[in-house]
Amino acid sequence: MTGLTDAASLWRGPLSDAERVAALRLIRTETIGPVTFHGLIARFGSAGAALEAVPDLARRGGRRQPLRNLPPGDAE
């Protein structure tokens, strides 16, 4: 199984409103495209957990500026 298949299988069934907002915020974060999005979901188990991990991952990857993402109110 690929990471994309694994990520898709995590999302079978209904998503909570909070997870839906987190997913929208995550996919709208700069530098995160579809492949990275699905990889993060597969690695962290949820969009919410991935969204929380992204700032640290970016810092460890050498990024000096924080990543811009969609504000929660805009995602709602």
Side-chain angles (χ1 to χ4, degrees):
M1 260 188 209
T2 68
L4 293 177
T5 303
D6 294 340
S9 69
L10 291 171
W11 283 22
R12 290 199 178 131
L15 295 177
S16 69
D17 289 342
E19 184 65 6
R20 216 179 309 245
V21 168
L24 183 55
R25 292 184 67 215
L26 181 63
I27 195 64
R28 297 288 306 273
T29 299
E30 68 176 326
T31 76
I32 295 180
V35 172
T36 302
F37 174 83
H38 287 285
L40 288 166
I41 299 297
R43 179 174 176 185
F44 293 100
S46 72
L51 191 61
E52 288 180 21
V54 163
D56 184 54
L57 293 172
R59 273 192 302 278
R60 290 189 320 187
R63 185 168 176 101
R64 293 185 181 163
Q65 299 290 333
L67 291 173
R68 290 184 312 245
N69 60 28
L70 190 66
D74 290 352
E76 291 171 1

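These numbers come from the heavy atoms of this one structure, side chains and all, not from hydrogens, waters or symmetry mates.
- V21 and L26 sit in two unconnected hydrophobic clusters of ILVMFWY residues. Membership requires side-chain heavy atoms under 4.5 Å apart, directly or through other members.
- I27 meets the side-chain contact (heavy atoms from CB on, under 4.5 Å) test with L24, F37; sequence neighbours excluded.
- Distance CG/L51 to CD/E19: 9.5 Å, rounded to 0.5 Å.
- Atom-to-atom distance recorded for H38:NE2 and I32:CD1 is 12.0 Å, nearest 0.5 angstrom.
- The minimum heavy-atom distance linking F44 with A50 is given by the pair CB-N, 3.8 Å.
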Which atom pairs, donor and acceptor, lie under 3.5 Å between side-chain atoms of residues 65-76 and protein residues at least two apart or in another chain?
unit_1 : atom_1 : unit_2 : atom_2 : d
R68    : NH2    : E30    : OE1    : 3.4
N69    : OD1    : R25    : NH2    : 3.2

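- Between L15 and R20, the shortest heavy-atom distance links the atoms O-NH2, 2.7 Å.
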